[in-house]
Amino acid sequence: QVQLVESGGGLVQAGGSLSLSCAASGRAFSSPVMGWFRQAPGKEREFVARIMKSGSTTYYADSAKGRFTISRDNAMVYLQMNSLKPEDTAVYYCAAKSYVGDGSVPDSYNYWGQGTQVTVSS
């Protein structure tokens, strides 16, 4: 049963923009917290941003503040990424969780998408 499906990754030059989308279904759709994480080769999966069910409360990693914007609309979650840098290159994952646990920790999330590759060239 598919719960989260990401799309929108690709190759972009430094300074450019990309918009990622995540379609939620099933129990993932009803999860109150939706987040974006990323994982670069050889590195641990790291928190990027998360949003509460209301859509009015958001949190960002320091690396994303001022450049990325997370939003939520019914069954969709988006990540608008501007002023991209080569160090933003990673596989980006959409995730969903309950209110329990630290929203910046991957292990607290119950559902994960398959990931979408974002590559930023210098």
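Here the side chain of Gln3 pairs no donor or acceptor atom with the backbone of Tyr111 at under 3.5 angstrom. Tyr60 places a side-chain N or O within 3.5 Å of a backbone atom of Ile70 that can act as its donor or acceptor partner. The backbone N or O of Gly115 lies less than 3.5 Å from a partner atom in the side chain of Glu6, making a donor-acceptor pair.
The cluster map of Ile, Leu, Val, Met, Phe, Trp and Tyr, joined by side-chain heavy atoms under 4.5 Å apart, puts Leu4 and Val77 in the same cluster.
Taking Arg27 as the reference, nothing meets the salt bridge (Lys or Arg N to Asp or Glu O under 4.0 Å) condition, with sequence neighbours excluded. Applying the side-chain hydrogen bond (donor to acceptor under 3.5 Å, both in side chains) criterion to Arg72, with sequence neighbours excluded, gives no partner residue. Among residues two or more places apart in sequence or in another chain, the side chain to side chain contact (heavy atoms under 4.5 Å, CB included) test is passed with Met76 by Ser21, Ala23, Tyr78. The side-chain hydrogen bond (donor to acceptor under 3.5 Å, both in side chains) test applied to Ser54 returns Ser56, not counting sequence neighbours. Residues satisfying the salt bridge (Lys or Arg N to Asp or Glu O under 4.0 Å) criterion with Asp62, sequence neighbours excluded, are Lys65. Under the side-chain hydrogen bond (donor to acceptor under 3.5 Å, both in side chains) criterion, Thr58 pairs with no residue at all, not counting sequence neighbours.
Note that CG of Leu79 and OG1 of Thr116 are 11.0 Å apart. Values are rounded to the nearest 0.5 Å. Considering CG of Leu20 and CD of Gln80, their distance stands at 8.5 Å, rounded to 0.5 Å. Interatomic distance, Lys97 NZ to Met34 CE, rounded to the nearest 0.5 Å: 12.0 Å.
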Could you go through residues 84-92 and list every donor-acceptor pair under 3.5 Å that involves a side-chain atom there, pairing it with any protein atom two or more places apart or in another chain?
{"residue": "Asp88", "atom": "OD1", "partner": "Arg38", "partner atom": "NH1", "Å": "2.8"}
{"residue": "Asp88", "atom": "OD1", "partner": "Arg67", "partner atom": "NH2", "Å": "3.0"}
{"residue": "Asp88", "atom": "OD2", "partner": "Arg67", "partner atom": "NH1", "Å": "2.8"}
{"residue": "Asp88", "atom": "OD2", "partner": "Arg67", "partner atom": "NH2", "Å": "3.4"}
{"residue": "Asp88", "atom": "OD2", "partner": "Lys85", "partner atom": "N", "Å": "2.8"}
{"residue": "Thr89", "atom": "OG1", "partner": "Pro86", "partner atom": "O", "Å": "2.9"}
{"residue": "Thr89", "atom": "OG1", "partner": "Val120", "partner atom": "N", "Å": "2.9"}
{"residue": "Thr89", "atom": "OG1", "partner": "Val120", "partner atom": "O", "Å": "3.4"}
{"residue": "Tyr92", "atom": "OH", "partner": "Arg38", "partner atom": "NH1", "Å": "3.0"}
{"residue": "Tyr92", "atom": "OH", "partner": "Asp88", "partner atom": "O", "Å": "2.6"}

Listing, residues 100-107 side-chain donor-acceptor contacts under 3.5 Å, not counting sequence neighbours, or none:
{"residue": "Asp102", "atom": "OD1", "partner": "Ser104", "partner atom": "N", "Å": "2.9"}
{"residue": "Asp102", "atom": "OD1", "partner": "Ser104", "partner atom": "OG", "Å": "2.8"}
{"residue": "Asp102", "atom": "OD2", "partner": "Ser104", "partner atom": "OG", "Å": "3.4"}

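A ring pair (Phe, Tyr, Trp, His ring centres under 6.0 Å) check over residues 7-52, counting only residues at least two apart or in different chains, returns the pairs Phe37-Phe47, Phe37-Tyr109, Phe37-Trp112. Among residue pairs with one or both ends in residues 11-118, those qualifying as disulfide bond (SG atoms under 2.5 Å apart) are Cys22-Cys94; sequence neighbours excluded. Sorted by first then second residue, the side-chain hydrogen bond (donor to acceptor under 3.5 Å, both in side chains) pairs that include residues 7-17, not counting sequence neighbours, are Ser17-Asn82.
Residues Ala96 and Ala28 come closest through the heavy atom pair CB-O, 4.0 Å.
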